[in-house]
Number of protein chains: 2
Amino acid sequence: MPIVTAPASVETITRLRLVVMRLSRLLRQQSADELSPTLTSTLSTVERRGPLTLGELAAAERVQPPSMTRAVARLEERGLVTRVPDPVDRRTARVSISAAGSKTLTAARRRKNAYLAERLTTLTAEERASLERALPLLERLVGDQL
Amino acid sequence: MPIVTAPASVETITRLRLVVMRLSRLLRQQSADELSPTLTSTLSTVERRGPLTLGELAAAERVQPPSMTRAVARLEERGLVTRVPDPVDRRTARVSISAAGSKTLTAARRRKNAYLAERLTTLTAEERASLERALPLLERLVGDQL
DNA sequence: TATTGTTATACTCTATAACTATA
DNA sequence: TATAGTTATAGAGTATAACAATA
């Protein structure tokens with residue numbers, strides 16, 4: 001471990017930005033037919049963190065409330081989430097995943113993962129381990145709390 | 001190098017997908033006022049790989065030709081790239097970065113990097129090193145050829 | 001008044017399909 | 001005919017501003 005904590009280099013940062021944008025584009029294209037990355041991410045958060053208000057969801061997904069209104073409306077149309085009005089504060093409702101939502105998410109995950117998994121086979125086991133070690137760091141970068 | 005190459009776990013792949021989408025969203029938001037991630041990425045490719053035809057650019061950025069037509073048109077409007085018609089094949093032209101384009105890219109890089117760099121300060125030097133090791137692997141995942 | 005969420009509107013990015021110009 | 005690129009069109013995702021309902 002180095003003693004001096006040099007800041008990340010300009011080149012590293014630039015490459016990180018570019019590779020993230022390109023990878024996200026690839027993932028978005030790949031999922032054209034199914035649940036979009038945006039809806040998948042939202043549905044995953046609903047599944048993982050239980051019933052949430054729209055505002056909490058927007059904060060978790062780091063989008064503005066109108067964007068989340070739209071995303072939840074789509075998920076609801078497709079029967080993947082339900083909204084239960086808060087009995088105390090009638091301005092809000094809790095969004096929960098439905099049985100169909102869980103099922104859809106599982107199936108979507110399988111297909112989406114298959115695509116990435118196929119690309120990951122080009123890496124050695126050691127390289128994949130290296131990638132796994134970097135994963136929590138990326139998550140901290142986006143402020144992901146498990 | 002290990003003998004057995006265990007496949008990446010479902011959980012790892014899922015997390016990789018989600019974190020990439022969230023990070024890309026964060027980066028896109030952050031650059032609302034300046035050069036968008038799409039234009040930045042395109043301009044970076046033009047800078048790095050020299051004069052390219054529109055088709056070559058589309059392939060490099062992994063978008064369809066109409067998307068690239070649009071991106072290049074925007075960059076051209078803003079004087080960041082130039083198109084030089086191919087003297088032999090008059091259907092095509094070579095796209096090059098302009099002096100203004102280089103200048104803009106450098107400035108954009110500085111601002112965009114500042115944002116990511118700030119977030120990277122929450123990592124230890126060792127963690128940043130870990131992230132740097134993973135970077136080329138992510139690049140291979142998207143098929144980035146330097 | 002303040003907060004939560006929605007509606008209205010606009011813009012970027014991307015795609016597919018159909019077309020034009022050139023080879 | 002085949003290829004390179006463009007135009008037409010559509011849809012997702014996101015934002016800001018203005019609004020409505022409730023606290």
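A, B, ... follow the sequence lines: proteins, then strands. Residue 1 opens every chain. Here the structure is a predicted model, which is why all the values come from computation and not from measurement.
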According to a strict under-4.0 Å criterion, is [X] in side-chain N/O contact with OP1 or OP2 of [N]?
X: A:Thr38; N: D:dA12; value: no
X: B:Gln29; N: D:dT14; value: no
X: A:Ser67; N: D:dA15; value: yes
X: A:Arg83; N: C:dT6; value: yes
X: B:Arg25; N: D:dT14; value: yes

Nearest-Å distance, [atom1] ([X]) to [atom2] ([N])?
X: B:Gln64; N: D:dA12; atom1: CD; atom2: C1'; value: 17 Å
X: B:Leu54; N: C:dT14; atom1: CG; atom2: P; value: 13 Å
X: A:Leu27; N: C:dC13; atom1: CG; atom2: P; value: 18 Å
X: A:Arg91; N: C:dA2; atom1: CZ; atom2: P; value: 13 Å
X: A:Asp86; N: C:dT4; atom1: CG; atom2: C1'; value: 11 Å
X: A:Arg74; N: D:dT14; atom1: CZ; atom2: P; value: 11 Å
X: B:Asp89; N: C:dA21; atom1: CG; atom2: C1'; value: 10 Å
X: B:Leu35; N: C:dT12; atom1: CG; atom2: P; value: 12 Å

[X] and [Y]: which non-hydrogen atoms are nearest, and at how many Å?
X: A:Val72; Y: A:Val81; value: O-CG2, 4.1 Å
X: A:Pro65; Y: A:Leu54; value: O-CD2, 3.8 Å
X: B:Leu105; Y: B:Glu47; value: CD2-OE1, 3.4 Å

The side chain of [X] lies closest to which of these nucleotides: [options]?
X: B:Pro66; options: D:dG5, C:dT12, D:dT6; value: D:dT6
X: A:Ser36; options: C:dC13, D:dG13, D:dA15; value: D:dG13
X: A:Arg28; options: C:dT4, D:dG13, C:dT14; value: D:dG13
X: A:Thr69; options: C:dA23, D:dT14, C:dT7; value: C:dT7

Sugar-phosphate, base or nothing in reach of [X], heavy atoms under 4.0 Å:
X: A:Thr92; answer: sugar-phosphate
X: B:Val95; answer: nothing
X: B:Val72; answer: nothing

task: Nearest-nucleotide wise, let me know which of A:Val88 and A:Pro37 is further upstream toward the 5' end of DNA chain D.
output: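 Final value for this comparison: A:Pro37.
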
query: Starting at the 5' end of DNA chain D and moving along, which residue's nearest nucleotide shows up first, A:Pro87 or A:Arg70?
result: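 The residue closer to the strand's 5' end, by nearest nucleotide, is A:Arg70.
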
message: Are the side chains of A:Val46 and A:Leu80 in contact, using a 4.5 Å heavy-atom criterion?
response: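 A side-chain contact under 4.5 Å is absent here.
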
message: Testing A:Lys112, A:Arg119, A:Arg111 one by one against A:Tyr115 for a side chain to side chain donor-acceptor pair (under 3.5 Å), which residue passes?
response: A:Arg119

field: Carboxylate-amine/guanidinium contact A:Glu132 A:Arg128, below 4.0 Å
entry: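 Result for this pair is no, no salt bridge flagged.
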
message: Distance criterion of 3.5 Å, no angle test: do you see the side chain of B:Arg90 paired donor-to-acceptor with the base of C:dT22?
response: no

